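Below: one structure, written as structure tokens.
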Amino acid sequence: MRIVSKILTVLWTIFWGYAGVSILIKTPYQIKKDEELIKNELNPCIKFVETFKSKNNRLPSYREFYTWGSDFFKDYTSDLKIEVDSLLLGVGRVKYIRSNYGIILDDLSKFKEANWKKDYAIGVWRGELMEYYFSWNKEYDTNNYSWIDAFKTFMALIGVGLLPLVFWKIYLTKRKKT
């Protein structure tokens, strides 16, 4: 039984060590993806809305935004034939937000400062979470993954991996005393 415990402990430690090192290796890629999201998806949408607003003295409707977005992103999945403007769905991963309707419940608190008569938000679905731009404070709410985040995650995973070794050492120390 002791040999099985040792083997399982070593495998556990190797697994979590591998996970930690993988995080560090993938960090530059994640940082680049975060920057590209802002540059290629959020900023063009913000530029369109702000340009439209300055030319027309109003925010674009959902239909106007999604018509532009379909052409800009070359994504024609949004059904622009729907008669009720506010029921139009986003273009691909991009969502134009002009009310609390349809916001993920966990994210509603992020929108409490919004005055929907003059404000808007842009959301982009990242597969497990939405990342946003808020017009009322001109801030991005994105992943912004950094090397510090990677190092913290790495240390946490290494700690989880080493935990059985610590217990094993304590067990052996107590066993020698008895």
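Computed from a predicted structure; not experimentally measured. Numbers here are sequence positions counted from 1.
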I want to check something: taking the side chain as every heavy atom from C-beta on, are L42 and V124 in contact at a cut-off of under 4.5 Å? yes
Rounded to the nearest 0.5 Å, what separates atom CD1 in I104 from atom CG in L129? 8.0 Å
Value for CG (D141) from NZ (K110), rounded to nearest 0.5 Å, stands at 4.0 Å
Over all heavy atoms of both residues, which pair between D119 and R98 is shortest? Give the atoms and the distance, please. O-NE, 3.5 Å
Output the distance between atom NZ (K39) and atom NZ (K32), rounded to the nearest 0.5 Å. 9.5 Å
Give the table of side-chain donor-acceptor pairs shorter than 3.5 Å for residues 19-27, with sequence neighbours excluded, one pair per line with atom names and distance.
residue, atom, partner, partner atom, Å
S22, OG, Y18, O, 2.9
T27, OG1, I23, O, 2.7

Interatomic distance, K117 atom NZ to L59 atom CG [nearest 0.5 angstrom]: 13.5 Å
Locate the shortest heavy-atom distance separating P60 from F48; write the atom from each residue and the value. CG-CE2, 3.9 Å
Partner of I97 by side-chain contact (heavy atoms from CB on, under 4.5 Å), out of W116, Y62, F134: W116
By side chain to side chain contact (heavy atoms under 4.5 Å, CB included), W12 pairs with (sequence neighbours left out) W16, V160, P164
Closest non-hydrogen atoms of W136 and A114, given as atom of the first, atom of the second and distance, are CZ3-CB, 3.5 Å
For T51, does its backbone N or O pair with a side-chain atom of S54 as donor and acceptor, under 3.5 Å? yes
To the nearest 0.5 Å, what is the distance between CZ on R58 and CZ on F52? 4.0 Å
When rounded to the nearest 0.5 Å, the distance separating CG of L37 from CD of E131 is 5.5 Å
Is it the case that the ring center of Y120 lies less than 6.0 angstrom away from the ring center of F65? no
Within 6.0 Å of CD in E36, more than 12 heavy atoms from elsewhere: yes
Using every non-hydrogen atom in the two residues, find where R126 and Q30 come nearest and quote the distance to one decimal. NH2-NE2, 3.2 Å
Is the number of heavy atoms from other residues, nucleotides or ligands within 6.0 Å of CG (L108) greater than 12? yes
Y133-E41 side chain donor-acceptor pair, cut-off 3.5 Å: no
For V94 against Y66, the heavy-atom pair lying closest together: O-CE2, 4.0 Å
Verify, without hydrogens or angle tests, whether Y96 (side chain) and E64 (backbone) share a donor-acceptor contact under 3.5 angstrom. no
Hey, does N43 have a side-chain heavy atom less than 4.5 Å from the side chain of Y140? yes
